[in-house]
There are 2 protein chains.
Amino acid sequence: MAPTNPATTLGYAILGLLARQPLSGYDLAARLKTPVGYYWTAHHGQIHPELQRLVGDRLVTYNTAAGPGPYAKKVYAITRDGRAALSAWVTEPPRPRPNRDELVLKAASLWLADPAPALALFRAEAERHAEQLAQYEATRASMEARYGERLERPDSPEFAEYVTLRCGISYEAHRLRWCRWVIARLEQAEAQ
Amino acid sequence: MAPTNPATTLGYAILGLLARQPLSGYDLAARLKTPVGYYWTAHHGQIHPELQRLVGDRLVTYNTAAGPGPYAKKVYAITRDGRAALSAWVTEPPRPRPNRDELVLKAASLWLADPAPALALFRAEAERHAEQLAQYEATRASMEARYGERLERPDSPEFAEYVTLRCGISYEAHRLRWCRWVIARLEQAEAQ
DNA sequence: CAACTCATGTAATGAGTTACATGATTGT
DNA sequence: ACAATCATGTAACTCATTACATGAGTTG
């Protein structure tokens, strides 16, 4: 029987985490909370129903464990079907999703803004990106020190994590350069 | 009376286009269609109701014109309140929205993939970005030739458009570099 | 004893996509 | 004649966020 596919991207995000280790819904929510999960986020309100669907499709199973509160704690694990669905999905071309970026949208109406608050906006954004970049670079340094040559093996989870981290670093650097370029343009125009 | 604010980002996207020139709902939909509108998209099914809301908030008005089909064509124009709301919004800090990126999510599970299809995926993505980059660069060249020094005046719509274009170029270049870096890593591992 | 973390669940709301619906004009 | 473009409107659906709801264990 062919493995059922989850259809939703969130389902694959969850499978991707469960492929590394079994986790509870709470732990999944913690990992999918900004900014820990590079480039995918979700709240527990979405995660729990999705897990129930994945269980229904036999892509994950769970073991009930003793836990606090009125509900039993469930530790979810990926099944063989789930792993097959996940590894088939990984190399399929990603569905194009629209790019929505509020800062760029604001930039498109920048000609209506006063110079001082416009500069303040881009300085604040530049600082945000500089901070995020610094944090990512620190993570990179510690990953490289800790894992060394394992980061060069494409079949290791550490390689995959490193690849996403490099994307984050590259993204933040691009954003920072762009913001600084805008700032320079605005300053130059103000000087005249 | 203080200007009502549209609350939705789409409302500001529409106001931003109407601040340049009056447009019909159809024209707005054409401009907000991928990939013409840099970094914001919408369909007419969302645009028409939003326009009605903006009319209700007195941020835009419309003139009915003769048009084909069962409905009268409406040409929308921004009001003084609309322009005020827009220029106030421009320099407010953007609300943080989650970054969702399916390719990066796939990359996080790349360790489960076979080398050949993984390479094919990133080569295809690299090509997509190279094409988009080439197209943006062509647009940039024609903009620079056509507008010249006006691109340096922050109070001109051309400057604002140029700024968003530069962001697009920077983004595609970042993506392309990252994809190529992943490809090189995968090729290197395969050679051994 | 108050606040925080752990832990799951549902419901309401909002944002976005796709599909359904109508119909005139223009170009092939 | 047929297809494409112009032109608006609504409804159904999916995805994501926020809020409501419960309650034990740990820390200060």
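Computed from a prediction, not measured in an experiment: that's the story for all the values here. Naming: A, B, ... by sequence-line order, numbering from 1 per chain.
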**OP:** Among dA19(D), dT10(D), dA16(D), find the nucleotide with the atom closest to the side chain of Leu10(A).
**Re:** dA16(D)

**OP:** Report which part of the nucleic acid Thr9(B) touches: base, sugar-phosphate, or nothing (heavy-atom distance under 4.0 Å, all strands).
**Re:** nothing

Original post:
Looking at Glu127(B) and Arg123(B), does any basic side-chain N land under 4.0 Å from a carboxylate oxygen?
Top reply: no

Subject >> Most 5' of Ala72(B) and Pro98(B) on DNA chain D, judged by nearest nucleotide >> reply: Ala72(B)

Subject >> Nucleotides bounding contact with chain B, strand DNA chain C, heavy-atom threshold 4.0 Å >> reply: dA15(C) to dA24(C)

**OP:** Inspect the contact between Arg128(A) and Glu131(A) and indicate whether a charged nitrogen and a carboxylate oxygen are less than 4.0 angstrom apart.
**Re:** no

**OP:** Please lay out, stage by stage, how Glu144(B) and Tyr162(B) fare under the test side chain to side chain donor-acceptor pair (under 3.5 Å).
**Re:** CA-CA 9 Å; Glu144(B) 286 173 351; Tyr162(B) 187 60; 2.4 Å; yes

**OP:** May I ask you to decide whether Arg180(A) forms a salt bridge with Glu125(A), counting only side-chain N to carboxylate O separations under 4.0 Å?
**Re:** no

**OP:** Give, for atom SG of Cys179(A) and atom NE2 of His129(A), the distance between the pair rounded to the nearest 0.5 Å.
**Re:** 5.0 Å

Original post:
Using a cut-off of 4.0 Å on non-hydrogen atoms, how would the nucleic acid contact of Gly25(B) be classed: base, sugar-phosphate, or nothing?
Top reply: sugar-phosphate

Subject >> Length of the line joining Asp27(B):CG and dT5(D):C1', which is rounded to integer Å >> reply: 12 Å

Subject >> N or O in side chain of His43(A) less than 4.0 angstrom from dA16(D) OP1/OP2 >> reply: no

Original post:
Do Leu32(B) and Tyr26(B) share a hydrophobic cluster (ILVMFWY, side-chain heavy atoms under 4.5 Å, transitive)?
Top reply: no

Original post:
Taking for each residue the nucleotide of DNA chain D with the nearest heavy atom, is it Tyr71(A) or His44(B) whose nucleotide lies nearer the 5' end?
Top reply: His44(B)

Original post:
Contact class for Gln52(A) vs. all strands (heavy atom < 4.0 Å): base, sugar-phosphate, or nothing?
Top reply: sugar-phosphate

Original post:
How close or far is atom P of dA16(D) from atom CG of Leu28(A), stated in whole angstroms?
Top reply: 15 Å

**OP:** Could you tell me whether Ala29(A) contacts a base, only the sugar-phosphate backbone, or nothing, with contacts defined as non-hydrogen atoms closer than 4.0 Å?
**Re:** nothing

